[in-house]
Amino acid sequence: MFGLAAAALMAGTQLAAPGTAEAAAKCITGDRQAPFTVGWANIYSVPTWMKQTEGTITDIVDQLKEQGLVDKLVVTDAEGNANNQITQIQSMIDADVDAIVIIAGSSTALNRVIEQACEKGIAVANVDSLVDTDQLTVKINTDSQKWGTEAAQFIADQLGGEGKVIIMNGPAGISVSEDRRAGVDPVLEANPGLEVLTETNTAYNSAPAQEAMTSLLFQYPEIDGIISLGGALSAGAILAMDRQGRELPPMTGENYRQFLELWKEKDLTAWATMQPNWLGGLGAYAAVQALNGKDIPAYVEVPLPIIDNSNIDEYLARAGDFPADGYIYSPYDIAMFDKLLGIQ
Amino acid sequence: MGLFALLLALLALYAYLYPGLLSWAGIARFTQNWFPVALVAIAQTLVMLMGGIDLAVGAMVSLGTVLAATLVGGSVLGAGLGITATVAIGVVAGGLVGTIVALFGLPAIIVTLSSSFLIGGAALLVMARPGGSMPDWLSEGLVGVHPTALLILIVLLIAWRVLRATPLGLAIDASGDNPTGAFRSGVNIVAARIAAYAISGGLAAFAGVYVAAQTGAGDPLIGTPLTLQSITAAVLGGVGFLGGQGTLRGAVAGSLLLAVLVNVMFFLGLPPVAQYVMQGLIIVAAMGIKRLRERAA
């Protein structure tokens, strides 16, 4: 295909390539040439998690620039507004970028505009918060249901299947938080001895989680375990319980730096997994490789890394490299991305 | 008319940066993304003209999307009934809120804040997570390659002109401007208030129908940011917080400013941080020009 493209360029003609791409990834027509312009359609740039994610994207894009594969990164911020995100992706299509990396503000709102991008031959990589449509190049995520199941299983194991637990969720109505919660159910069914005292729904922030937990503590004198389905939520729970002098039960969480530090400081029995920030970098890499003619699978499931009392020190040893209210994600590099994407 | 001059300049800049705007499809796509904000700006303005404020506009849009994605059927009749039902629910909910505000004299900000939780909760009850579907032909018709949105907007502005010539329209106008005077001249202020909230609720629900068609599905949270945008658009357009001041035309222009800003900032290639700063500056500039003109007058 590259020989053909070169020949066409030498002949001074445009390469019209409908249907000439073989074994290529979805949305790839084969008529886009490196160096590529990559668009990063962010739903919200302010939260630290998002800033860290953007950091992995610019890092990977810089590496791809050195290889001559990318020449420009365009970044938008929808300010948490799905309607803005539609407009901005539309603008990226109008500006004819070659690839778009998306964290979706809504699992449904972007379907139609993404399908439009795909029709134009733009490589679309959707990471973290996924959309419903399959008219895109690649979706990359961890398994949110498994996240919930493994977290609940850890608590069930710790309590021997018996005890009073509180479930801390992210916001209602958001796919990620609903999926994680759905993963908890099979464990509750298998362990009828686990009694769910109550559940909280807050933003993935420690302050509202702390507030919610504080008012619950007066109501429930006995809490045997906390199934927290978000990192900052667990930190909020610890702060609330600690301030009232409550004993800290086994709990779950995420690779949120403050949580990991409190875990160590209070000598907890805990378990955490993570939504690696480098999903963003991986998305940019996958989209560019797809444009580059590589066959990229339609769905890439990134395995959930596990943090427990046996390996928490490895994570805390790197804590200084991450913001105080950030997430200590596992290391990544291009070789690992190639492996995840099945690129030889 | 500082706002309109600013708007013209920005639209010209947008067309210069992206010449594709000046085509049938380009105009269609741009107005589609602007339309929901324009609708909620109109809804908000109707209430603000009465000296009220509606913090439930965004929640009503969310409820509209999930109702539409549930009720709208595949056939023309099914779609018509579904849209009518959705808008009717918006009218009834808005009317109830208006009744509480008008009859019990409670502050609109409190009543609509609590109704935003009720309506937002109802949206989550209808759909716990984004889903449902809209018929493709409806999406294509409303949000396809033709500027249907622009047409509906023009129809709405004409409808407002016509309404203002009727006793009800006059009542809405008069009771916002000078409630005591209007009351003394026999205007039914209570009815006018309830009507303004009801129309506003219906418009917000219709914005939900449109967003559902635009996205092809319902989303119980998608409307939330629209509350603040509707107020910003209205204030940019010269609508005052005390009632009786401002025009629907101005609010629509304010919403257009918000929409065109997003696009212009993209094509200028501004980084997100600069986008936040630009937005703030433009809003302050638009308001400042207005104030200076008022002083000069």
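Values below: every heavy atom of this structure, side chains too, minus hydrogens, waters and symmetry copies. Letters go in sequence order (proteins before strands), and every chain restarts at 1.
The contact between Val75(A) and chain B is made by backbone and side chain atoms together, counting heavy-atom distances below 4.5 Å. Only the backbone of Ala213(B) comes within less than 4.5 Å of a heavy atom of chain A; no side-chain atom from C-beta onward does. Within the 4.5 angstrom heavy-atom criterion, only side-chain atoms of Val211(B), from C-beta onward, approach chain A. Leu21(B) does not touch chain A: none of its heavy atoms, backbone or side chain, sits under 4.5 Å away. Contacts of Phe267(B) with chain A are made by side-chain atoms alone, with heavy-atom separations under 4.5 Å and no backbone atom involved. When heavy atoms are compared at a cutoff of 4.5 Å, Ser139(B) approaches chain A by way of both its backbone and its side chain.
When side chains are defined from C-beta on, Phe266(B) does not count as touching Asp94(A), because their heavy atoms never get closer than 4.5 Å. Residues Gln229(B) and Asn84(A) form a side-chain contact, since some pair of their non-hydrogen atoms from C-beta on lies under 4.5 Å apart. Side-chain contact between Ser91(A) and Tyr18(B) is absent, with no heavy-atom pair separated by less than 4.5 Å. Side-chain contact between Asn33(B) and Ile86(A): present, with at least one pair of heavy atoms (C-beta onward) separated by less than 4.5 Å.
Remark: Thr56(A) pairs with no residue by the side-chain hydrogen bond (donor to acceptor under 3.5 Å, both in side chains) rule, at least two apart or across chains. Partners of Val66(B) according to the side chain to side chain contact (heavy atoms under 4.5 Å, CB included) rule, which considers only residues two or more places apart in sequence or in another chain, are Leu63(B), Ala123(B), Val126(B), Met127(B), Pro220(B).
Checking Asn263(B) against Gln88(A) by side-chain atom types alone, no donor-acceptor pair falls below 3.5 Å.
With a 6.0 Å radius and a threshold of 12 heavy atoms from other residues, nucleotides or ligands, Lys146(A) has its NZ atom at or below the threshold. Lys51(A) NZ: more than 12 foreign heavy atoms inside a 6.0 Å radius. For Phe117(B), the CZ atom sits in a loose shell: 12 or fewer heavy atoms of surrounding residues, nucleotides or ligands are nearer than 6.0 Å.
Note: Thr87(A) OG1 to Leu258(B) CG = 11.5 Å, rounded to the nearest 0.5 Å. Between Asn81(A) atom CG and Leu226(B) atom CG the span is 6.0 Å, to the nearest 0.5 Å.
Considering only heavy-atom pairs separated by less than 4.5 Å from chain A, the leading option among Gly20(B), Pro130(B), Ala69(B), Gly218(B) is Pro130(B). Considering only heavy-atom pairs separated by less than 4.5 Å from chain B, the leading option among Asn83(A), Asp132(A), Thr133(A) is Asn83(A).
Within residues 108-126 of chain A, the residues having any heavy atom closer than 4.5 Å to a heavy atom of chain B are Thr108(A), Ala109(A), Asn111(A), Arg112(A), Gln116(A), listed by residue number. Listed in order of number, the residues of residues 180-189 of chain A that approach chain B to under 4.5 Å between heavy atoms amount to none.
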Test side-chain contact (heavy atoms from CB on, under 4.5 Å) applied to Arg129(B) and Asp179(A), step by step: CA-CA 10 Å; Arg129(B) 57 186 299 163; Asp179(A) 284 342; 2.9 Å; yes
Working for side-chain contact (heavy atoms from CB on, under 4.5 Å), residues Tyr276(B) and Asp77(A): CA-CA 9 Å; Tyr276(B) 282 96; Asp77(A) 175 4; 2.7 Å; yes
